[in-house]
Enquirer: 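Pasting in a structure now, in structure tokens, and then I'll have a few things to ask.
Letters go in sequence order (proteins before strands), and every chain restarts at 1. Scope of the values below: all heavy atoms of this structure, side chains included, with no hydrogens, waters or symmetry mates.
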Amino acid sequence: MTILVWERPVRLIHWTIFIAVIVLAVTGFYIGNPILVSGGAPTDFLMGTYRAIHVAAAWVFGVAVVARLIWAFIGNRYSRWDQFVPVSRARRADIKTSFKYYLFMQRETPPGPGHNPLAGLTYLVLYAMFAVQIWTGLALASLADPGSFLWSVSGWTFSLVPIPTIRFVHHLILWLTLGFIVHHVYSATLIDVEERSGVLSSIVTGWKRIRPGQAGQAE
Amino acid sequence: MATLLERLEANGISRRSFLTYCASLTTMLALPASLTPQIANALSKVDKPSIIWREFQDCAGNTESFLRSRNPGVADLILDLLSVDYHETIMAAAGRQAEAASDAAAKKGGYILVVEGSVPLKDDGVYCTIAGKTAKQHLEELSKGAAAIVNVGTCSSYGGIPAANPNPTGAVGVPSLVSNVPIVNLPGCPANADNITATFVHYLTFGSLPARDQLGRPLFAYGERIHDSCERRAHFDAGQFALAFGDEGHRKGWCLYKLGCKGPNTFNNCPAIRWNGGTSWPVGAGHGCVGCSEPEFWDAMGPLYQHLPNVSGFGVEATADQFGVALVGATALAFAAHGVAKYAQHRITAEPAAQPVAAGQPTEED
Ligand code: SF4
């Protein structure tokens, strides 16, 4: 039996974030270490172009992240905030089950057609990273104009932490995000192979095949 | 007492060059040109305010910088407007006599306290002791009667080089010790003499410190990043970078970003007013900005010839990118190994009997 797990907005946001992250990574690496150096043509505008794309993609990314946070309160049960913040005792107990699966102590995959509680927790960490990334990004962008609205909102960051340290954090979170992508693709593939539930295709179609035992959890 | 104008004339400086100087100060302070006469007027009438210039954990670099003001003829006389009652490097008095001068000025109150150098706090502040008192004691006593405190240089503003890791003396800047006196920070290693002079002129003209930012720096001098007023900025935007000192890009005056320029991290007006009487400035001379006027200079700005700080720990030091590649690579390897192990687990162990999963199932929600 198949059920609709990921609603259309969730899938749309997922792929928007994915594309934005790739664009942000490519342009971000260039800004941090410009490997392409202009030959000197007077019309060249390499860094300017990369920075413009980076800022544009950053706004798309930021809006997508905020949209997902809003959806966590209006979406279906699989996209709700309590899938990420383990408030119920049952979900906390399932974290252990999930750990057992990943640590080879149990063969059966973690429960539920939605995010397993351990995965939910990693998305919580990911979104915390995103929050820091968006904040440091806004603050760094505001440096160019200390008279701006952006500066009045985020400029105080630099009274607490020196500018190069903020750049450093912004750069490390990019690497951590790439590390997350590796983990994310691997885990989804693993679970798909194990469960034959179509997890991988579900982020395109929205539908997942569920085991008979899980049927009770369908809508 | 002769007025400033009389003294200017006695020194062979015309009223015209005095006005020119006032006009340049008006521009520096980012004030409308119409205020020039007011500044000139105020300066020519000013009555000598007392200055106590204290050096704590410093190298006297700001004093050296200050003594080389842009326009020696007029600037010297402006400085002459200030009654510098205590300044170790330039005063004639020594020993008890010097301390007596400081005490007398302090008793009168209403002076400008200029601080150069950081204040050590460790071991009861013994690392900087002058005339039997620690820097901290001097600061506490002198800040009481001060009308304003002017911190010249990064050390007195934020702790500076003495406060760099491992900060053996427990050095801090003045703002972390004093809070009830108006403070202006003029960070820089050293602070630019023109910014120091302009700050005094503002005080003499308007009787108050210039408008400051969140870090206590006057906006007229620190209102913009080096990077945003740098003459090489067009090369930055174009993607034209010097890759090594002396290479073609370097000789063509391209951007020094890839040589570790910290201009994007530094608020200061070096590109606009330059140094040593407007002769040149670090980036103009072909070396990247080192960010000397920012908080936590030196630690936060290192390594000097790299854009980003390094990752260190466990005796290893790597660039942020080496660390990142290792991190992503290790993650990929770990998951590959996990996949192989999962496969092996399925091959070795039998089909699952009743699993504890069932217990976890109904808990999916609520
Ligand atoms: S030389 Fe430094 S301050 Fe100037 S544009 Fe390049 S990075 Fe910015």
Side-chain angles (χ1 to χ4, degrees), chain A residues 29 32-34 36-38 40-42 44-48 50-51 77 82 88 90-91 93-94 97 100 102 104 106-114 143-147 155-156 158-159 162-165 167-168 171-172 174-176 178-179 182-183 186-187 189-190 194 213-214 216-217, chain B residues 213-215 219 223-225 227-228 236-241 243 249 252 254-255 257-258 262 264-267 291 294-297 299-301 307-309 311 320-321 323-325 327-328 331-332 335-336 338-339 341-342 345-346 349 351-352 355-358 360-366:
Chain A
F29 278 128
N33 181 17
L36 280 180
V37 176
S38 148
D44 276 351
F45 195 59
L46 284 177
M47 180 59 94
Y50 276 92
R51 288 184 68 233
R77 56 193 296 195
D82 61 4
S88 75
R91 267 192 86 81
D94 281 347
T97 327
K100 274 192 178 154
Y102 283 107
F104 310 109
Q106 167 188 313
R107 283 185 55 138
E108 189 64 28
T109 52
L143 283 171
D145 186 4
W156 57 266
F158 303 112
S159 328
I163 303 169
T165 313
R167 283 190 200 288
F168 181 65
H171 195 81
L172 281 191
L174 166 54
W175 278 113
L176 290 175
L178 296 186
V182 173
H183 149 257
Y186 168 76
S187 296
T189 312
L190 176 73
E194 292 265 22
Q214 291 174 315
Q217 292 165 46
Chain B
D213 69 4
Q214 51 182 1
L215 290 165
L219 289 168
E224 199 175 38
R225 277 185 310 174
H227 187 56
D228 294 316
F236 173 86
D237 290 332
Q240 294 160 350
F241 303 103
L243 304 178
K252 282 183 175 160
W254 286 1
C255 169
Y257 185 70
K258 293 199 77 169
K262 302 297 186 300
N265 300 336
T266 310
F267 285 88
E294 283 294 311
E296 290 184 44
F297 174 73
D299 291 341
M301 291 293 167
H307 174 57
L308 285 175
V311 184
D321 285 333
F323 173 80
V325 170
L327 181 95
V328 174
T331 316
F335 285 125
H338 189 271
K342 263 291 167 198
Q345 187 189 17
H346 283 283
T349 59
E351 274 301 303
Q355 283 294 327
V357 184
Q361 294 241 331
T363 65
E364 167 59 21
E365 211 190 22
D366 307 324

Enquirer: Looking at every non-hydrogen atom in both residues, tell me the closest pair between A:V182 and B:A332 and how far apart they are.
Expert: CG1-CA, 3.7 Å
Enquirer: Among B:A300, B:G239, B:G223, single out the residue with the greatest number of heavy-atom pairs under 4.5 Å to chain A.
Expert: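 Most heavy-atom pairs within the cutoff with chain A belong to B:G239.
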Enquirer: Are any non-hydrogen side-chain atoms of A:L46 and A:P34 less than 4.5 angstrom apart?
Expert: no
Enquirer: What part of B:L243 is in contact with chain A, defined as an atom under 4.5 angstrom from a non-hydrogen atom: side chain, backbone, both or neither?
Expert: side chain
Enquirer: So what's closer than 4.5 Å to chain B heavy atoms on A:H171: side chain, backbone, both or neither?
Expert: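 Side chain of A:H171 only, per the 4.5 Å heavy-atom cut-off to chain B.
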Enquirer: Measure B:K258 against the heavy atoms of chain A and call it side chain, backbone, both or neither at under 4.5 Å.
Expert: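 It is the side chain, since no backbone atom gets that close.
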Enquirer: What part of A:L172 is in contact with chain B, defined as an atom under 4.5 angstrom from a non-hydrogen atom: side chain, backbone, both or neither?
Expert: side chain
Enquirer: At a 4.5 Å cut-off on heavy atoms, which part of A:Y186 comes close to chain B: side chain, backbone, both, or neither?
Expert: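 Side chain only.
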Enquirer: Pick one of side chain, backbone, both or neither for A:L36, based on which atoms fall under 4.5 Å of a heavy atom in chain B.
Expert: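 For A:L36, the backbone is the part near chain B, not the side chain.
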Enquirer: Name all residues meeting the ring-ring contact (aromatic ring centres under 6.0 Å, His included) criterion together with B:F323; count only those two or more places apart in sequence or in a different chain, and write none if there are none.
Expert: none
Enquirer: Heavy-atom distances under 4.5 Å only: say whether B:H307 touches chain A with side chain, backbone, both or neither.
Expert: side chain
Enquirer: Look up atom NZ in B:K342 and atom CZ in A:R107, then write down how far apart they are to the nearest 0.5 Å.
Expert: 8.5 Å
Enquirer: If you measure only the distance, is there a donor-acceptor pair under 3.5 Å linking the side chains of B:Q214 and A:S159?
Expert: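 On atom types as modelled, these side chains qualify, holding a pair under 3.5 Å.
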Enquirer: If I measure from the heavy atoms of chain A, does B:Q240 come under 4.5 Å with its side chain, its backbone, both, or neither?
Expert: both
Enquirer: Please determine, among A:P162, A:G48, A:S187, A:P42, the option with the most heavy-atom pairs under 4.5 Å with chain B.
Expert: A:P162
Enquirer: Only pairs of heavy atoms separated by less than 4.5 Å count here; which of B:V325, B:N265, B:L308, B:L327 has the most with chain A?
Expert: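 Most heavy-atom pairs within the cutoff with chain A belong to B:N265.
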Enquirer: Check whether A:P146 gets within reach of chain B through its side chain, its backbone, both or neither, counting any heavy atom under 4.5 Å.
Expert: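 It is the side chain, since no backbone atom gets that close.
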Enquirer: Is there a side-chain contact (heavy atoms from CB on, under 4.5 Å) between A:L190 and B:H338? Walk through the geometry before answering.
Expert: CA-CA 10 Å; A:L190 176 73; B:H338 189 271; 4.0 Å; yes
Enquirer: At a heavy-atom distance under 4.5 Å, which candidate from A:G155, A:A41, A:A144 has the highest pair count against chain B?
Expert: A:A144
Enquirer: For chain B, which candidate among A:F158, A:F29, A:Y50, A:W156 shows the most heavy-atom pairs at distances under 4.5 Å?
Expert: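 Among A:F158, A:F29, A:Y50, A:W156, the one with the most close pairs to chain B is A:W156.
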Enquirer: Does the pair B:E294 and A:I163 meet the rule for a side-chain contact (heavy atoms from CB on, under 4.5 Å), with working shown?
Expert: CA-CA 8 Å; B:E294 283 294 311; A:I163 303 169; 3.8 Å; yes
Enquirer: Less than 4.5 Å apart, any side-chain heavy atom of B:T266 and any of B:M301?
Expert: yes
Enquirer: Can you tell if the side chain of B:F241 reaches within under 4.5 Å of the side chain of A:M47, non-hydrogen atoms only?
Expert: yes
Enquirer: Answer with side chain, backbone, both or neither: which region of A:L143 has an atom nearer than 4.5 Å to a non-hydrogen atom of chain B?
Expert: both
Enquirer: Please check this pair: side chain of B:Q345 against backbone of A:F104, looking for a donor-acceptor N/O pair closer than 3.5 Å.
Expert: yes
Enquirer: With only heavy atoms counted, which part of A:Y102 is less than 4.5 Å from chain B, the side chain, the backbone, both or neither?
Expert: both
Enquirer: B:Y257 versus chain A, heavy atoms under 4.5 Å apart: side chain, backbone, both or neither?
Expert: side chain
Enquirer: Between B:D228 and chain A, which part of the residue has a heavy atom less than 4.5 Å away: side chain, backbone, both or neither?
Expert: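 B:D228 touches chain A through side-chain heavy atoms alone.
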Enquirer: Taking side chain as everything from C-beta outward and backbone as N, CA, C, O, which of these in B:D321 sits under 4.5 Å from a heavy atom of chain A? Side chain, backbone, both or neither.
Expert: both
Enquirer: When rounded to the nearest 0.5 angstrom, what is the spacing between CD in A:E194 and CD in A:E108?
Expert: 8.5 Å
Enquirer: Salt bridge (charged side-chain N to carboxylate O under 4.0 Å, His left out) with A:R51: which residues, sequence neighbours excluded?
Expert: none
Enquirer: When heavy-atom pairs shorter than 4.5 Å are enumerated against chain A, which of B:P264, B:G291, B:P309, B:C255 gives the highest number?
Expert: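 If we count pairs closer than 4.5 Å to chain A, B:P309 comes out on top.
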